[in-house]
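Sequence lines set the chain letters: A, B, ... in the order given, protein chains first and strands last, and positions in each chain run from 1. Quick caveat, the model's predicted, so the values are computed rather than measured.
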There are 2 protein chains.
Amino acid sequence: MARAPAPGTRDTILTAAAGLFYEYGVRAVGMAQVVEVAGCGKNLLYKHFPSKAELAAAYLTLARRERERTIREALRWADGPADSLMALVTEIADSVTRPGYRGCPFRNYLTEFPGESDEPAMVALTFLADARAQLDALVTGIGGDALMADRIWLIINGLHTGPPAQAQVAVDWIKDMISSVRLTEAL
Amino acid sequence: MARAPAPGTRDTILTAAAGLFYEYGVRAVGMAQVVEVAGCGKNLLYKHFPSKAELAAAYLTLARRERERTIREALRWADGPADSLMALVTEIADSVTRPGYRGCPFRNYLTEFPGESDEPAMVALTFLADARAQLDALVTGIGGDALMADRIWLIINGLHTGPPAQAQVAVDWIKDMISSVRLTEAL
DNA sequence: GTCTATAGAAGGATAGAC
DNA sequence: GTCTATCCTTCTATAGAC
C-alpha cells in the first residue's frame, strides 16, 4: 500500500516559508531553506507549490488573511465608524510595535521586486488598494472628506516605515483628527 | 612606458551600478550586469570595488551626496527656519513625483537586507538618523516641539512609501502646521 | 617591452526546479 | 538526490597604449 499523504503538510510548509520570507526577505530565502525548516522533502514542496513565485503568493495571501482576521477582531467591539477607524489605526500601531515586526509584508515584497507584475505582486497591490478603500469608507462614514483620507493614509504609510516609537504619536494624531470632525459636525 | 590608467573609470562604474541598483534593487542586479552597463572588464570593477558590498556602500554614499546637494540648493533661497523647513519638504515631495522615482534608496536597501549591519546598511542608517536630526533642528528653529517633529517625520516616511499623488497633500499639510506654530507664537 | 584594459572561462557556492 | 543556471569572485589570455 502507498503511504497516506500527511494532512496539513501544505500548512506546515507555508508557515515555515512565511516566517522565513517575512524575517529575511523573499529574495534572501532559498527553497532549500524552506524545506529544511518545514522538515519535508523538496519534492513535497514542489508538489504543493510548483514555483517560488507561487509560494510567495501563498505567503502574501496568508499574511492578508491573518491581517484581515486581526482587523476584524479589532473592529468587533467598535460601534460606529469613528470607533472603527480608531480601532483600525490602533491595531496597525500595535502591530508595528510588536517584537518581531519587520515592516509591512506587502510593501516589502514590492520593494524587493520593483516593477514586477507576477502573482505575488498582484496580491500585494490588491491588498494595498483594498486597505485604502476600506480606509476611505470609514473616513466617509464619519463625515470626513478625501483630504482626511489622504492624510490618514499618509500617516499609515509612515507608520509602516518608520521607528515603532512613533506609533503612539500616529494614534493620538488620528484621534485628534476624528474628534475635530465630530466637533465640526456638531455645529 | 606603461599605459595610462583611464581617468574617471571609478565614476563610470559607480554611475552604472547606482542606476541599476536603484531601478532593480541591489539583490536583483549582478556584478556581470554592472560590468556590462559600465562597459568595462570585471578586473577593473573589482579593482575599484573589492566586493559587491563595497559597491553597494559606494552607491548609497553617492545617493547621499546627491541628496544633500539637492537639499542644499533647495535651502539656498530660503531665509529663516520656517522657509527652510518648507523648502525641505517641498524638495522631498518633488523628488517622489519625479518620473524615475522608485522609493528611498536607503529605506529600500534596509528592506532588501533586513537586520544587516554591513557597510551599506550603516550608510543607510546613518543617513536616516542624520536626516531626522536635520528635521529636528529645523522644527526647533521655528519653535516647534518634539511632537511636531515626530509628526512631520511620519509624513515624510509616508511620502517615501505611498503613491506620488499624495505629495501635494503632504506639502500643504506641513505648511499648515508651520503656519499654526507661527500663529501660536504671535499670541 | 611593460603595463593596463577587456573578454571570458573557471572555481565554488547556491539558486530554483524536477 | 540531481540537474541546470546563476551568483560572486578570481584567474587566464589577449589586445592596446605608452
Side-chain angles (χ1 to χ4, degrees), chain A residues 2-3 5-6 9-10 12-14 16-60 108-109 112-121 123, chain B residues 1-60 108-109 111-121:
Chain A
R3 179 176 177 180
T9 306
R10 210 192 108 104
T12 303
I13 297 173
L14 183 51
L20 290 168
F21 282 165
Y22 182 67
E23 184 170 2
Y24 303 107
V26 176
R27 269 210 147 96
V29 173
M31 297 295 265
Q33 207 173 342
V34 173
V35 161
E36 189 185 0
V37 173
C40 71
K42 296 185 186 176
N43 39 8
L44 204 49
L45 167 60
Y46 276 95
K47 182 188 175 92
H48 287 285
F49 304 96
S51 73
K52 190 181 182 181
E54 297 203 31
L55 182 57
Y59 147 61
L60 291 178
N108 285 355
Y109 183 86
E112 280 198 273
F113 298 84
E116 199 91 28
S117 58
D118 55 0
E119 196 188 343
V123 174
Chain B
M1 264 291 280
R3 177 179 177 179
T9 305
R10 211 193 108 104
D11 282 352
T12 304
I13 297 174
L14 184 51
T15 302
L20 290 169
F21 283 163
Y22 182 67
E23 184 170 4
Y24 303 107
V26 174
R27 270 208 147 97
V29 172
M31 295 296 263
Q33 206 175 341
V34 174
V35 160
E36 188 185 359
V37 173
C40 70
K42 294 186 187 173
N43 253 337
L44 204 49
L45 167 59
Y46 277 95
K47 180 184 167 118
H48 288 284
F49 305 97
S51 73
K52 191 181 182 181
E54 296 202 30
L55 182 57
Y59 148 61
L60 291 178
N108 284 356
Y109 183 86
T111 299
E112 278 197 275
F113 299 84
E116 199 92 27
S117 59
D118 55 359
E119 198 188 342

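If you check every strand for non-hydrogen atoms under 4.0 Å, B/Thr9 touches nothing.
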Practice task
List the steps, then state whether side-chain contact (heavy atoms from CB on, under 4.5 Å) holds for A/Leu55 with A/Met31.
Solution key: CA-CA 9 Å; A/Leu55 182 57; A/Met31 297 295 265; 4.0 Å; yes
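Listed by first and then second residue, the ring pair (Phe, Tyr, Trp, His ring centres under 6.0 Å) pairs involving residues 24-55 of chain A amount to none (not counting sequence neighbours).
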Sub-3.5 Å pairs of nitrogen or oxygen atoms, protein against nucleotides 10-13 of chain D:
residue, atom, partner, partner atom, Å
D/dT12, O4, B/Asn43, ND2, 3.1

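Applying the side-chain contact (heavy atoms from CB on, under 4.5 Å) rule to A/Glu54 yields the partners A/Pro50, A/Ser51, A/Glu119; only residues at least two apart in sequence or on another chain are considered. Residues satisfying the side-chain contact (heavy atoms from CB on, under 4.5 Å) criterion with A/Val26, sequence neighbours excluded, are A/Phe21, A/Lys52, A/Ala56, A/Tyr59, A/Tyr109, A/Glu112, A/Phe113. By the side-chain contact (heavy atoms from CB on, under 4.5 Å) test, A/Ala16 is found to be paired with A/Val37, A/Ala38, residues two or more places apart in sequence or in another chain being considered.
DNA chain C is contacted by B/Gly39 of residues 16-39 of chain B, taking any non-hydrogen atom closer than 4.0 Å.
Atom pair B/Leu45:CG and D/dC8:P shows a separation of 10 Å (rounding to whole Å applied). Atom CG in B/Leu44 sits about 17 Å away from atom P in D/dG16, given to the nearest Å. If you measure from atom NZ of B/Lys47 to atom P of C/dT6, you get 11 Å, rounded to the nearest angstrom.
For the side-chain contact (heavy atoms from CB on, under 4.5 Å) with B/Leu44, the qualifying choice from B/Thr9, B/Val35, B/Thr12 is B/Thr9, the only one to do so.
Atom CD of B/Gln33 has more than 12 heavy atoms from other residues, nucleotides or ligands within 6.0 Å.
With rounding to the nearest 0.5 Å, the separation of OG1 in B/Thr15 from CZ in B/Arg10 is 10.5 Å.
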